[in-house]
Amino acid sequence: MARRLTGFTPSGNLHLGNYLGALRPIIEGTGDTVVFISDLHALTLDHDPADVRDRTLEFATLLLAAGLDPDACLFMVQSHVPEHTELHYLLECATGYGEAQRMIQFKEKSRRQQQVRMSLLTYPILMAADILLYDTDEVPVGDDQSQHVELARDIAIRFNGRYGDTFTVPRAVNPPVAARVMDLSSPTEKMSKSTSSAAGALRLLDEPDAVRRKVMRAVTDTGTTVTYDPAGSPGVANLLDILAGCTGARPDDLAAGFDRYGELKKAVADAVVDTLTPIQDRYRKLAAQPDHVRDVLRAGAARARAAAGATVDRAKAAIGLLPA
Ligand code: AQP
């Protein structure tokens with residue numbers, strides 16, 4: 001069975017895109033999955049230490065509240081498994097400087113920073129370590145991250161070719177287009193933890209009133225008829241995609257049921273509230289037991305270390321390090 005890996009970076013608030021595009025497919029899937037909170041990746045941009053720490057626990061709690069079964073997958077916090085950083089260094093020794101510099105995300109994010117952290121340049125190599133540590137076959141990512149999976153693939157092929165068969169070669173798998181939730185205020189951009197405004201992202205912990213307000217103000221267009229046309233009418237298509245994501249119906253079938261944008265928005269708001277309310281109820285109960293969540297994470301890290309340690313040992317031996 002193909003092994004899949006997904007990381008959630010604790011920078012900003014988890015949103016409906018993270019849930020419909022990444023989390024729910026894991027919860028509903030039957031596959032062999034590695035899920036982790038990628039806290040080390042949250043350090044690549046200017047960050048508040050207390051915020052990263054609090055969000056790491058919040059994200060773990062929310063993932064469990066959303067229905068993630070920690071016994072059915074490997075579930076841990078990245079920094080609790082030191083093999084991630086250990087393999088990162090070994091992979092840096094198999095990566096060219098030019099390769100890292102070519103990453104589009106580096107170019108885009110470094111342009112927005114006054115002082116660029118070295119880790120912003122090297123984090124795709126840490127991401128390669130995240131992927132290769134667990135013999136991952138498939139990494140579900142949107143277009144913005146597929147270049148990083150390609151890099152992990154290139155590094156694995158190069159390392160295997162130079163030092164002998166060590167890593168499983170991963171591949172990016174794209175979620176279906178409808179699984180990409182777009183920003184409510186600028187529907188040609190994806191809903192994002194770091195770049196969406198408060199009005200553009202539906203946060204998993206948004207109260208029902210906030211959800212309704214944001215959906216009712218979502219950007220549509222000047223037309224009046226409800227049709228599913230992602231290129232011509234991306235705002236309306238995004239609302240139909242969200243409704244489809246929450247209800248299981250097809251967006252083009254749903255379009256036929258609405259005469260006006262207002263009716264569609266009301267249905268979307270109701271569906272999102274219905275989706276989020278049970279998650280929020282479970283979240284409140286679990287958040288009252290942080291020790292339980294920490295125990296789950298400790299157990300997950302112990303299991304992850306067993307798997308990751310074997311890969312690091314393999315890589316160290318292959319690259320020429322003397323066993324201790
Ligand atoms: N808008 C989205 N629609 C569908 N899936 C999405 N994902 C993210 N945004 C959407 C998926 O959620 C998982 C975790 O994402 P991440 O924490 O690695 O961050 P990201 O991919 O970079 O997404 P964000 O929300 O835009 O974060 P920031 O703003 O911090 O860069 C991934 O599987 C991702 O595909």
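Each ligand, and each atom within it, is numbered from 1 in the order the structure gives. Just so it is clear, the structure is predicted and the values come from calculations on it, not from any experiment.
Using cut-offs of 30° and 60° on the angle between ring planes, the pair Tyr123 and His148 is perpendicular.
For Asp209 and Arg212, the salt-bridge test fails: no basic side-chain N is under 4.0 Å from an acidic carboxylate O.
For ligand 1 and Gly21, the ligand atoms under 4.0 Å from any heavy atom of the residue are 4 (C), 5 (N). Residue-ligand proximity, Phe8 to ligand 1, at heavy-atom distances under 4.0 Å covers atoms 13 (C), 14 (C), 17 (O). The distance from ligand 1 to the heavy atoms of Ser11 drops below 4.0 Å at these ligand atoms: 30 (O).
Taking each of Lys190, Lys193, Gln105, Glu189 in turn, the one with a heavy atom nearest to atom 20 (P) of ligand 1 proves to be Lys190. Across Thr6, Val181, Leu23, heavy-atom proximity to atom 3 (N) of ligand 1 is greatest for Val181. Residue nearest to atom 34 (C) of ligand 1, selected from Met182, Arg180, Met191, Gln145: Arg180 (by heavy-atom distance). For the residues Ala201, Ser194, Ser38, Gly17, the heavy atom positioned nearest atom 2 (C) of ligand 1 is part of Gly17.
Within 6.0 Å of the CG atom in Leu321, the count of heavy atoms belonging to other residues, nucleotides or ligands exceeds 12. Under a cut-off of 6.0 angstrom, the local environment of CD in Glu28 is crowded, with over 12 non-hydrogen atoms contributed by other residues, nucleotides or ligands.
For the residue pair Gln113 and Asp46, no side-chain donor N or O sits within less than 3.5 Å of a side-chain acceptor on the partner. Asn18 and His15 share a donor-acceptor pair across their side chains, judged by distance under 3.5 Å alone. A donor-acceptor pair shorter than 3.5 Å cannot be found between the side chains of Thr44 and Ser119. No side-chain N or O of His47 forms a donor-acceptor pair with one of Arg55 less than 3.5 Å apart.
Here the protein heavy atom with the shortest distance to atom 12 (O) of ligand 1 is Asn18 ND2, 3.1 Å. Nearest protein heavy-atom contact of atom 4 (C) of ligand 1 is Ala179 O, 2.9 Å. Of all protein heavy atoms, the one lying nearest to atom 18 (O) of ligand 1 is Gly7 O, 3.5 Å.
At a 3.5 angstrom cut-off on N or O pairs, Ser192 counts as close to ligand 1. Residue Ala22 has no N or O atom closer than 3.5 Å to an N or O atom of ligand 1.
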